[in-house]
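Note sheet for the following structure.
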Protein chains: 2
Amino acid sequence: MMRVDQNSKLDNALSKGALSILGAAVPLFAEKGFGAVSINDIALRANTSKANIFHHFKSKEGLYIAVMKSACGHLAEVLDKVEHVDNDSPRKKLEAFFTLHLQSLQAHPQSARLIQHELLENESQRGKHLAEEVFSKHFTRLVELVREGQSQDWLRKDCDTSLMAFVLVATNIFFFESRSVLQHLPEVNFAESPDRYNSAVFKLLLNGFQKES
Amino acid sequence: MMRVDQNSKLDNALSKGALSILGAAVPLFAEKGFGAVSINDIALRANTSKANIFHHFKSKEGLYIAVMKSACGHLAEVLDKVEHVDNDSPRKKLEAFFTLHLQSLQAHPQSARLIQHELLENESQRGKHLAEEVFSKHFTRLVELVREGQSQDWLRKDCDTSLMAFVLVATNIFFFESRSVLQHLPEVNFAESPDRYNSAVFKLLLNGFQKES
DNA sequence: GTCTATAGGCCGATAGAC
DNA sequence: GTCTATCGGCCTATAGAC
């Protein structure tokens, strides 16, 4: 028999109580990282008790991995979306991916932060493989799009395919990462309008920095 | 009277004991972040006692701020270096900065990680202003170099100066950040050779993605 | 300056009532 | 499923001998 609830497949098999704990844990882990968050912090935010958290999750690490899985699921959804704009030109497809990529970071900032924390901490492997999986899934898809552009003689072939893909993800992710700092810099006027930033960078990367000859 | 020791100005006024504590604290804070490192961890690594750490630093946060100051100092040194290649062409200067910037990240990976941790945690302000200061000092210098290139009719003027500078720092920092992941990706062959990556990206950004017309 | 000993509190995790 | 009460341990920080 199917379960009665209609939760997304990402949160499957979790009871209402467990979901509210998960919901309280996500922003805390996203902001402070695993080591700086206590079960008590989460219990207070979820309006429940420490013991109840250990009833729903076998350990602090178990809860953290559940949080990471949910975050990775959210960020993986952008891949499904971009598959649906599949009958356009390579340029349209690449630009759509680039735009959706940044939009997905903005739509799920906590998920993006969780993955950043995981990539930053070289150590305990907790959920690093999950983070790497999501990262490489996006990256591989982007490499395909660039390769398509190259084979159709639109993008230059004398440059490494994966290098171009890398520059695209790098600018988006670093924009997301550094937005709070960028807003304080007087030289920068694109920090408050991600969409304008996004299209300007895309144009810049395509045409290059140098003056037209 | 001058002090007798010849420590760099970054570590000034710190005794030998304090310096060895600082040296033990840096890699721990860099890898795990503030919240996940205990004074005892640091004491064990420094072959001393907890109490002695509190003798040299007034609190855990005081020690952390000393660590951050040292890290920011190391990364600021690249600015001094690039000032010394000042009588060249705008292109040479920009490329020198770009290369030195990545090299300084590689030379002081722990400093770079500390700053990343600080930028990632929106909260307690501990040393965030220090991190932002270093970031914006680099960025402002880079904006100047790009503007110079624009005014000499080498770089395009129809694109935001700070946006070009942003793309340059973004690619370098994100390369540093994601190197451990990049090494696992079969499509990527530039992860192991930062210098080759560096010059290839510089060329790519100057010329753009699109095929020469 | 460096140590041992210890205070007082919070940690993750468990037991057991309801 | 949710709670209170509690465990042993580790936490930051201090006191005081040397």
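The sequence lines fix the lettering, A, B, ..., with proteins before strands; numbering per chain opens at 1.
Ring planes of B/His117 and A/His117: tilted class, angle from 30 to 60°.
In this structure, the CD1 atom of A/Ile39 is 17 Å from the C1' atom of D/dT4, given to the nearest Å. Distance CZ (B/Phe54) to P (C/dG8): 17 Å, rounded to an integer number of Å. Atom pair B/Ile42:CD1 and D/dC11:C1' shows a separation of 13 Å (rounding to whole Å applied). In this structure, A/Asn40 atom CG and C/dC11 atom C1' are separated by 9 Å, rounded to whole Å. Atom CG in A/Leu28 sits about 12 Å away from atom P in C/dC11, given to the nearest Å. The separation between B/Phe57 atom CZ and D/dT14 atom P is 15 Å, rounded to whole Å. Here the P atom of nucleotide D/dT4 and the CG atom of A/Asn47 are 12 Å apart, to the nearest Å. Note: CZ (A/Phe34) to C1' (C/dC11) measures 12 Å, nearest angstrom.
Nearest nucleotide to the side chain of B/Lys50, out of C/dA13, C/dT2, D/dT12: D/dT12. Checking D/dT2, C/dG1, D/dT12 against the side-chain heavy atoms of A/His56 singles out D/dT2 as nearest. Between C/dC3, D/dG1, C/dT2, one nucleotide has an atom nearer to the side chain of B/Thr48 than all others, and that is C/dC3. Considering only the side chain of B/Lys60, D/dA13 comes nearest among D/dA13, D/dC3, C/dT4. With C/dC11, D/dG1, C/dT2 as the candidates, the nucleotide lying closest to the side chain of B/Asn52 is C/dT2.
Under the 3.5 Å distance criterion, the side-chain polar atoms of A/Asn172 are matched with a main-chain donor or acceptor of A/Phe98.
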* Asked: Stepwise, does the ring pair (Phe, Tyr, Trp, His ring centres under 6.0 Å) test hold for A/Phe166 with B/Tyr197?
  -> CA-CA 11 Å; A/Phe166 169 82; B/Tyr197 155 82; 5.6 Å; yes
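Within the nucleic acid shown, A/Ser38 comes within 4.0 Å of sugar-phosphate atoms alone, with no base atom in reach, counting heavy atoms only.
Between B/Leu22 and B/Phe57 the shortest side-chain heavy-atom distance falls below 4.5 Å.
Each of A/Ala51 and B/Gly17 has a nearest nucleotide on DNA chain C; the 5'-most of these lies closest to B/Gly17.
Atom CZ of A/Arg91 and atom CD of A/Glu148 lie 15.0 Å apart (nearest 0.5 Å).
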